[in-house]
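Written out below as structure tokens is the structure these notes cover.
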Amino acid sequence: MPDTPLWDSPALSRQSPLAQRSLKRKRATDLADLPQELIENVFKWIPPNQNTRRFCLLSIKFNVVLSSMFFAAANLNLFIPPGFETRHASNGSNDLDVDLFHWPSNYQTFYISRNLALKVVNWSKKLLIPSYIPIVLGALPNLVHLNLSRCNLRGKIPDTVGNLTLKSLNLSHNHLSGPIPSSLSNLSASLYTLNISENNLTGPFDALCSISNLAILSIARNPLSCEIPSAIAKLEHLLELSLHDCDLQGPFASAILELTCLERLMLNGNKLGGRVPRGLMEMPRLQICDLRGNEFVEVDGPVCWDWK
């Protein structure tokens with residue numbers, strides 16, 4: 001199917017502008033009169049990756065037909081037979097998953113509905129064209145590992161991610177923006193690893209302190225511009241806390257001293273000030289700590305060490 005409008009032709013281009021406009025209106029009206037069944041039967045043969053959304057502009061009827069779940073099902077089942085995803089999956093994904101990010105919402109919803117048993121999604125480095133996280137990903141009830149790192153993602157983290165029962169979530173090295181969604185606190189019962197570093201997310205991040213089973217939390221290199229919340233003491237199972245280069249402000253959070261399982265603490269490259277308590281060096285399991293590049297006026301001990 002050509003990219004040019006269906007009514008364009010060499011003969012039309014040779015007519016006067018007034019005649020061209022009149023003929024275009026007439027042919028657009030003719031398209032609007034096509035039976036719905038004919039539109040479905042013809043356009044379902046267009047491969048899903050050919051962007052059927054452009055044809056929605058032809059008329060209101062085209063938009064209604066091509067935006068329906070019925071049409072998405074007919075089109076995808078024709079080109080992607082049921083079971084294809086499972087047979088061709090590698091590390092919980094296949095090449096069709098890249099198209100998912102660019103499909104219309106009706107295609108995304110139907111495609112996800114065929115993959116409800118999916119447990120692992122590892123699409124790291126697969127997307128070259130800027131994309132957004134599909135809202136429908138939150139409809140995968142069995143998903144436990146979601147890796148969308150280095151996927152050139154933009155926009156906000158959708159609240160629907162909080163509907164999942166994930167053990168690990170990696171959205172690092174993208175261009176995600178906006179506040180860290182409070183809905184992520186809904187992952188409290190299951191989430192073990194959370195990595196949203198290297199984005200453009202803003203603070204505060206108090207909601208993450210409700211994810212009580214977290215062992216690894218990395219929010220590094222985001223313009224959080226906030227203080228470390230005292231609620232961070234709730235993360236009693238935390239092994240690694242990476243908050244470097246986040247434009248953090250205020251005093252050293254004494255609540256960190258309550259993280260008795262902590263092994264690695266990275267707070268370098270911020271604007272933290274005041275005094276660092278000596279108790280930091282006495283934390284029982286802390287092996288790696290970096291406090292460099294802050295505004296502390298007094299540090300009871302070294303600002304950086306690796307005792308691993």
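Computed from a prediction, not measured in an experiment: that's the story for all the values here. If you read the sequence from its start, that first residue is 1, and numbering goes on from there.
In this structure, the separation between CG on L140 and NZ on K119 is 13.0 Å, given to the nearest 0.5 Å. In this structure, the separation between NE2 on H175 and CZ on R154 is 5.0 Å, given to the nearest 0.5 Å. With rounding to the nearest 0.5 angstrom, the CG atom of L239 is 11.5 Å from the CG atom of L286. Considering CD of E240 and CG of L262, their distance stands at 9.0 Å, rounded to 0.5 Å. Between the OG atom of S185 and the CD1 atom of I211 there is a distance of 7.0 Å, given to the nearest 0.5 Å. Remark: L238 CG to T260 OG1 distance equals 10.5 Å, nearest 0.5 Å.
Contact of the L248 side chain with the L224 side chain is registered, since non-hydrogen atoms from C-beta on lie closer than 4.5 Å. With a 4.5 Å cut-off on side-chain heavy atoms, L137 and T160 do not count as touching. Residues S225 and Q249 form a side-chain contact, since some pair of their non-hydrogen atoms from C-beta on lies under 4.5 Å apart. Side-chain atoms of L169 and L184, non-hydrogen and from C-beta on, do get closer than 4.5 Å to each other.
Checking L176, L201, V161, N195 one by one against L171, the side chain to side chain contact (heavy atoms under 4.5 Å, CB included) holds for a single residue, L176.
The two residues G203 and C226 have their closest heavy-atom pair at CA-SG, 4.1 Å. Here the closest heavy-atom approach between residue L280 and residue C289 is recorded as CD2-SG, 4.0 Å. The two residues N270 and L243 make their nearest non-hydrogen contact at ND2-O, 3.0 Å. When all heavy atoms of C209 and P229 are compared, the pair lying nearest together is SG-CG, 3.8 Å. Residue Q108 comes nearest to V136 through the heavy atom pair CB-CG2, 3.6 Å, listed as atom of the first residue, atom of the second, then distance. Between D290 and M266 the shortest heavy-atom distance is CB-CE, 3.7 Å.
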Q.
salt bridge (charged side-chain N to carboxylate O under 4.0 Å, His left out), that's the test. Do R221 and E198 meet it? Break it down for me.
A. CA-CA 5 Å; R221 293 191 172 136; E198 302 272 1; 3.0 Å; yes
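Side-chain contact, N199 with N174: no donor N or O sits under 3.5 Å from an acceptor N or O. Under 3.5 Å, the side chains of S168 and H145 contain a donor-acceptor pair of N or O atoms.
Between the D247 side chain and the P223 main chain, no donor and acceptor come within less than 3.5 Å of each other. With S188 contributing its side chain and S210 its backbone, the two residues share a donor-acceptor pair below 3.5 Å. Checking side-chain atoms of N163 against main-chain N and O of A139 turns up no donor-acceptor pair under 3.5 Å. Within the 3.5 Å criterion, the main-chain N or O of S172 finds a donor-acceptor partner in the side chain of N170. The backbone N or O of L191 lies less than 3.5 Å from no partner atom in the side chain of N213, so there is not a single donor-acceptor pair. A donor-acceptor pair under 3.5 Å is absent between the side-chain atoms of T109 and the main chain of N106, judged by distance alone. At distances below 3.5 Å, not a single donor-acceptor pair connects side-chain atoms of N75 with backbone N or O atoms of F71. Without hydrogens or angle criteria, D159 side chain to P181 main chain gives no donor-acceptor distance under 3.5 Å. In terms of modelled atom types and a separation under 3.5 Å, the side chain of S190 and the main chain of K167 share no donor-acceptor contact.
Other residues, nucleotides and ligands contribute at most 12 non-hydrogen atoms within 6.0 Å of the CD1 atom of I135.
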